[in-house]
Structure formats: C-alpha cells, structure tokens
Amino acid sequence: MTIEFTDLAEQALERSSAAARRFNPAALLRAASASGGSVDLQIVEAPLPGDETLVRAGFTLLVASGLDGTLDVEEPHDRIVLRAPR
C-alpha cells in the first residue's frame, strides 16, 4: 500500500482532524475505499485490524487496507478522492 497526498488534500485533512479533535480529543481520521473513486473519510477512536497509520505534521490518518494511490481534493466542499497510483 502506498498513499501519497496532494498539498490540497493535506490541508483539508489537517482542517478536518483539528475540527474532530475539538469535539473529541481521541478522534482520528480513517480513510477507506468508497464507490466511484471517492474515499470514505471516517472519524474513529482506534484503528481497525489491517489499518496502516500515517502521521503527518498536522494530522494522523488511518488507512484501510487496499487503498493505493494519491489522495486529492475535488470541489465542492473539499471532497477527498483517491487518484490512481503514479
């Protein structure tokens, strides 16, 4: 599994993580596959079996097994999508 991030995706995930932690300091973001190339971004308190933990400067992202590619942002509303691996 290889996950990369565009700058826009990192910024959106950092904002989402900060917002979630304001309500629950134990909140983590989890990315799982969804239909149509989009990513199901979940707020969880612990990883699920098989999740990989990616730590960035402004957030920690749990990634479900099977995701491979580049996380990017589509408008409107900073929708996180998964682009094919480079």
Side-chain angles (χ1 to χ4, degrees):
M1 175 190 77
T2 302
I3 294 291
E4 297 179 6
F5 301 86
T6 64
D7 290 341
L8 288 175
E10 283 192 348
Q11 293 166 13
L13 290 167
E14 186 174 349
R15 286 191 305 272
S16 296
S17 178
R21 285 179 307 180
R22 279 194 296 272
F23 294 101
N24 178 356
L28 296 168
L29 297 179
R30 181 177 187 270
S33 62
S35 63
S38 65
V39 173
D40 183 18
L41 196 59
Q42 306 162 349
I43 299 172
V44 298
E45 290 187 357
L48 296 177
D51 284 355
E52 183 172 330
T53 302
L54 301 178
V55 178
R56 292 290 197 247
F59 63 94
T60 298
L61 181 67
L62 304 174
V63 180
S65 63
L67 286 185
D68 190 30
T70 301
L71 292 177
D72 197 3
V73 171
E74 281 187 353
E75 294 299 333
H77 311 298
D78 290 343
R79 184 171 71 102
I80 301 293
V81 296
L82 184 66
R83 306 272 185 223
R86 295 181 196 189

Residues forming a side-chain hydrogen bond (donor to acceptor under 3.5 Å, both in side chains) with Gln11, sequence neighbours excluded
none
Short question: side chain of Glu74, backbone of Pro76 - any donor-acceptor pair under 3.5 Å?
no
Is Asp72 reaching over with its side chain to a backbone N or O of Val81, donor-acceptor style, under 3.5 angstrom?
no
State, to 0.1 Å, how close [X] and [Y] come at their nearest heavy-atom pair, and which atoms those are.
| X | Y | value |
| --- | --- | --- |
| Ala27 | Ile43 | CB-CG2, 3.8 Å |
| Thr2 | Asp68 | O-OD1, 2.8 Å |
| Leu28 | Glu45 | CD1-O, 4.0 Å |

Taking ring-ring contact (aromatic ring centres under 6.0 Å, His included) as the cut-off, I'd like each qualifying pair that reaches into residues 8-33, sequence neighbours left out, listed once.
none
Are Leu54 and Thr60 close enough that some pair of their side-chain heavy atoms sits under 4.5 Å apart?
no
Hey, are the side chains of Leu71 and Leu61 touching, using non-hydrogen atoms and a 4.5 Å cut-off?
yes
Taken to the nearest 0.5 Å, the spacing of Leu62 CG from Leu67 CG works out to 11.5 Å
Nearest 0.5 Å, please: how far is OG1 in Thr70 from CD in Glu4?
4.5 Å
Indicate every side-chain donor-acceptor pair of residues 13-22 with a distance under 3.5 Å to a residue at least two apart or in another chain.
residue	atom	partner	partner atom	Å
Arg15	NH2	Asp78	OD2	2.5
Ser16	OG	Ala12	O	3.0
Arg21	NE	Ser17	O	3.2

